[in-house]
Protein chains: 2
Amino acid sequence: MARIIPSVTEALHPSNINSKALVKLVTTVYYGTIVHTPALNQLQVFPNCAVVVGSSGSIINLIPNCSSISDVFTKYNPELDQKSTKIVDISGNPYQFFFPGFVDTHIHAPQFPNAGIFGNSTLLDWLDTYTFPLEASFENLHKANKIYSRVVHQTLQNGTTTASYFATIHPEATKLLSNICFKNGQRALIGRVCMDDNSPDFYSESHEDMKTNTVDVCNHIKQLGATTDQECDAIILPTLTPRFAPSCTAKTLAWLGDFREEKKLHVQSHVSENIDEIKLVSSLFPDASCYTGVYEDYNLLGAKTVLAHGVHLTPLEISILHKNQSGISHCPISNSSLTSGETRVRQLLNSGIKVSLGTDMSGGFSPSILSSARQAHLVSRHLAMKTKKEEDKLSVNDVLYLATKGGAQCLDMESTIGDFGKGKKWECQLVDLKSTGSQIDIFDWQLPDYLIQRGGYHLKIAGRELLNSDDYFQDFHGVGLSKFDNNEEHKWINDDGTFIDADQSKFEDLIAKWLFNGDDRNTTKVYVNGRCVIDKTE
Amino acid sequence: MARIIPSVTEALHPSNINSKALVKLVTTVYYGTIVHTPALNQLQVFPNCAVVVGSSGSIINLIPNCSSISDVFTKYNPELDQKSTKIVDISGNPYQFFFPGFVDTHIHAPQFPNAGIFGNSTLLDWLDTYTFPLEASFENLHKANKIYSRVVHQTLQNGTTTASYFATIHPEATKLLSNICFKNGQRALIGRVCMDDNSPDFYSESHEDMKTNTVDVCNHIKQLGATTDQECDAIILPTLTPRFAPSCTAKTLAWLGDFREEKKLHVQSHVSENIDEIKLVSSLFPDASCYTGVYEDYNLLGAKTVLAHGVHLTPLEISILHKNQSGISHCPISNSSLTSGETRVRQLLNSGIKVSLGTDMSGGFSPSILSSARQAHLVSRHLAMKTKKEEDKLSVNDVLYLATKGGAQCLDMESTIGDFGKGKKWECQLVDLKSTGSQIDIFDWQLPDYLIQRGGYHLKIAGRELLNSDDYFQDFHGVGLSKFDNNEEHKWINDDGTFIDADQSKFEDLIAKWLFNGDDRNTTKVYVNGRCVIDKTE
């Protein structure tokens, strides 16, 4: 643990830190299997793809069905200098692919030590028993430094390339969280929590402090981007964070709404998580049309606003969210753990609402968006048990979409991250289904034929490391390696560079195995802004 | 993978194999933290305990609050020869403890390759699409050998010391599974699946074959116990396995009922998993009082009978189960995945029904009972959302009880396994909350004071490896190490050797962290029948 924690002095002063996601970069070609979810329920796989990433970290070209790396330089991008271009080639390994980084749109960084500790509580008693006492202790910067360093390390290890963090009310600790994200190269939205009403004496602030401290933290984050000579993409952004309607006075909500509009800022908060909470909001804001209506009344909804949960949204609330293009962070692990309810994700999607995933640590016990996606899949089935609607079930591809592109949409970052579109950032994870200790069991006959064929050369020279090739070709498949020699008559992949149907189906099964039995071990490298910020293979 | 798979020839002939759980054993003293769940919702922790395990693998003595290992020989068990006794001392590590091995009372070994692959299916179409074709292929013994070797390896790695396996209809492949369990030292009940009605042409058997093959496999398993000179505890037992009522003719059910009574055998099957399945049973057995009634009518219920699922049991069915002392294997991951429903576990427990946990691979996607316990906890909350009954929520301690002692009860093995009672087998896992790669994050101030005190000596000499002692003592706890010097006035543990309340509460939080964020990495050693059959520290 010690090694990943900087000294507080170091962590507090941006002039001393450099971001891993802003180091100097050379043009790089990534070659192998590329997988993403460009649309809901659509898993697009390019099994033999070259991606050219420029020195700014953005995708210059994506070349499906690229028969060799040299083609990139001779045929597709002749302007590139082969000598100064870096090559990352995973094409020999049928178990590896690049997948967009996960986007966690709702996570409480200070609650990390409480992961797994919630007993039989529900939202309101959980806040009093577990949450407020821990958050209040973040006045201690040594403690904040240790915990924040750990949470950023753990989320990155689990493939979270972008996170929208709730911090605490403390400005210095919140700046420290910004610095730690910046240093480790995690794209992050950082929110100092605003709470000047209905909060415990030991953990509350005045309206004036709320204003001063909010401005102070926003300025600090702005300054972070100015600390480097590198081309800066502002990987750390501020986000206004009224904890939830009950914990803010009307004048605080009003000031935040004005500040949002003036500075065009992101906003994050909670909505309609729990029945008792909804009743509380209704009693505190008797003039509001509904819980979501409170945020609209104070000008806090916009395309950059994400509200967590939305378990019990009414049709009116859904229409308000739609009108304002605001998104929902679905936090299924938290909703199950705190017995909050089953969010009707399909209904929200069908209503045109942007939906993403949040871990909601420590309401949710896991720092992993992969685990959250898994639980989203299961919770949708519990919802379907109740509604008897087959369509309420989310598919594997659906939840992976929510985990990546859905997150990008909710944070209004769709032009930057979420999939492998041209011009977007190379912001992804290298997934290895057979990494050391992987809990995913794949038998050779479950691999797409094309990946076997592509790996044929490697098979012949070092095959037993990757595949029990004898098993595959003799026991299960009943064909010899010669099947995979070049054969003009056999169509291996479609014209657009994607798998033929049989292989697509097999690959989707592998992706399902990753969703259900994969974990941090399968995420072997993590890239943010084109830079490798985690490399477990070193 | 290759290393864990024996040749088929080797695996087929019991005369060639020795069981890891029957190797010669010397008397051993285990010293450190011992944790188990002797009753529902009760987590009993002996933080400074010595357990004396005899050469048969059974617990001779459990000595709570044992101040030193030498006391075992001088004070408690003077008849022991210290020189020939082995010592396993984990008392210096506050993150390690022994916990009973997990009992998986429902797992389909041949379906292992399909883990995670189930799409949007529900029970009956899932059987046709995914399950029957894969199971039918187990006529191929090479394939059976590879898959069965893998599943036994994986379940043991995840702490499953006892498993009740469904195999396939194939007698040779089923014998092979028995041999693989025997060789690897996993306690197992092995069931050749009986199905002579309403089954696909490519995967069915005649009534006559059912009889012959059932007897054949039972005899083989009996013979397994006779292959060794060691004292044999019959770690492999046969279990009669009518797949489920619809797949058996009346005469097959009747013959199995008679055979059960004659041989006093275990029985396993399925019951009331899915609404369509229940309707099917009702149409096929119009004279039966209910689904459970079918099994009672054919004399298949007894104290050694475990029925999987029981999601939709009626009060009549619950009373039939109670009368016959038969148990339920609750399979929460499967029930969520296949949208089967939410089993009312608390109602079953309150009705005096024995309840345990099953992974139900591959209806469930995980080979881990720890994952199943986690999902049991979450599913009980989805049930509570529906029933609005607070008591329907299962606690952390509840689900760990189901995972261990509940399993022992369902399999009628409570006198042998399930907790650390005197006379029971030493059948457990060494859990290390800070093993390499552990996903459990514990901050020093979350440790029970007593464990810090006990580890004080180690702290002083090698403390930084185990604890950031400075952090603990300065940053968080506000006390110096001197607090932990012997102090007559401070009571460290209760008279019965358990934690004082404050430490018990802290330790239960650590156990919750293990349940929610732990995985195979935290199970570092596994013991069956007193013998270490998995050692990841080697």
Side-chain angles (χ1 to χ4, degrees), chain A residues 1-2 112-120 140 142-143 146-147 150-151 154 158 333 336-342 365-368 374-375 377-379 381-382 384-386 390 393 395-396 437 439-443 445-446 464 468 471 475-476 509-510 512-517 519-521, chain B residues 1-2 112-120 140 142-143 146-147 150-151 154 158 333 336-342 365-368 374-375 377-379 381-382 384-386 390 393 395-396 437 439-443 445-446 464 468 471 475-476 509-510 512-517 519-521:
Chain A
M1 199 155 170
F112 185 59
N114 277 351
I117 305 176
F118 54 96
N120 279 339
N140 178 335
H142 289 274
K143 185 169 182 179
K146 286 198 184 86
I147 293 169
R150 191 73 198 158
V151 77
Q154 274 292 66
N158 278 278
I333 297 182
S336 299
S337 298
L338 299 181
T339 325
S340 302
E342 293 133 354
F365 48 76
S366 169
S368 158
R374 185 183 307 147
Q375 189 66 11
H377 186 277
L378 298 177
V379 166
R381 277 150 180 74
H382 284 277
M385 290 172 201
K386 203 165 64 182
E390 184 70 15
K393 293 186 194 174
S395 70
V396 169
Q439 291 294 290
I440 303 166
D441 281 275
I442 299 168
F443 294 83
W445 44 283
Q446 298 182 308
R464 298 212 67 86
N468 292 323
D471 304 341
D475 290 356
F476 300 105
D509 284 347
L510 300 188
K513 281 181 169 285
W514 175 46
L515 175 66
F516 291 112
N517 286 322
D519 59 32
D520 59 291
R521 286 170 281 197
Chain B
M1 199 156 170
F112 184 59
N114 277 350
I117 305 176
F118 56 96
N120 279 338
N140 178 334
H142 288 273
K143 186 169 182 177
K146 287 201 183 84
I147 294 168
R150 192 72 199 161
V151 76
Q154 274 293 67
N158 279 279
I333 297 182
S336 298
S337 298
L338 299 181
T339 326
S340 301
E342 293 133 354
F365 47 77
S366 170
S368 158
R374 187 183 308 149
Q375 190 65 13
H377 187 278
L378 298 178
V379 166
R381 276 149 181 74
H382 285 277
M385 290 173 203
K386 206 164 64 183
E390 184 70 17
K393 292 186 194 175
S395 69
V396 169
Q439 291 294 292
I440 303 167
D441 281 276
I442 299 169
F443 294 83
W445 43 283
Q446 298 182 307
R464 299 212 68 87
N468 293 323
D471 303 341
D475 290 356
F476 300 108
D509 283 346
L510 300 188
K513 281 181 167 285
W514 176 47
L515 174 67
F516 291 112
N517 286 322
D519 60 31
D520 58 290
R521 285 170 281 197

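Reminder, nothing fancy here: chain letters follow the sequence lines and each chain counts from 1. As the structure is a prediction and not an experimental result, all values here were calculated from the model.
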Query raised in the report: Is it the backbone or the side chain of Phe118(B) that comes under 4.5 Å from a heavy atom of chain A, or both, or neither?
Result: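 For Phe118(B), the contact with chain A is made by the side chain alone.
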
Query raised in the report: Excluding sequence neighbours, so at least two apart, what forms side chain to side chain donor-acceptor pair (under 3.5 Å) with Gln375(B)?
Result: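 Ser336(B).
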
**Report entry** Partner set under side chain to side chain donor-acceptor pair (under 3.5 Å) for Asn517(A), not counting sequence neighbours
**Finding:**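 By the side chain to side chain donor-acceptor pair (under 3.5 Å) rule, Asn517(A) matches no residue at all.
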
Requested in this report: Find the one option among Val151(A), Leu510(A), Asp509(A), Ile333(A) whose heavy-atom pairs under 4.5 Å with chain B are most numerous.
Outcome: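 Greatest number of close heavy-atom pairs with chain B: Asp509(A).
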
Query raised in the report: Based on non-hydrogen pairs under 4.5 Å, which of Arg521(A), Lys393(A), Glu390(A) is most in contact with chain B?
Result: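 Among Arg521(A), Lys393(A), Glu390(A), the one with the most close pairs to chain B is Arg521(A).
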
Report task. Could you tell me the separation between the CZ atom of Phe112(A) and the CD atom of Gln154(A), rounded to the nearest 0.5 Å? Result ->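 Those atoms lie 5.0 Å apart.
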
Report task. Decide yes or no for Asp520(A) and Ser368(A): does some side-chain heavy atom of the first lie under 4.5 Å from some side-chain heavy atom of the second? Result ->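 A side-chain contact is absent here, since even the closest heavy-atom pair is not under 4.5 Å.
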
Query raised in the report: Any side-chain heavy atom of Phe516(B) within less than 4.5 Å of one from His377(B)?
Result: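 Heavy-atom side-chain distance check passes, below 4.5 Å.
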
Query raised in the report: Which answer fits Gln439(A), side chain, backbone, both or neither, if we ask what part of it has an atom under 4.5 Å from a heavy atom of chain B?
Result: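 Both the backbone and the side chain of Gln439(A) come within 4.5 Å of chain B.
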
Requested in this report: Below 4.5 Å from any heavy atom of chain B, which atoms of Ser340(A) appear? Answer side chain, backbone, both or neither.
Outcome: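 Interface part for Ser340(A): backbone (N, CA, C, O).
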
Query raised in the report: If you count heavy-atom pairs under 4.5 Å between each of Gly437(B), Gly341(B), Gly119(B), Ser366(B) and chain A, which one has the most?
Result: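 The candidate making the most pairs under 4.5 Å is Gly341(B).
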
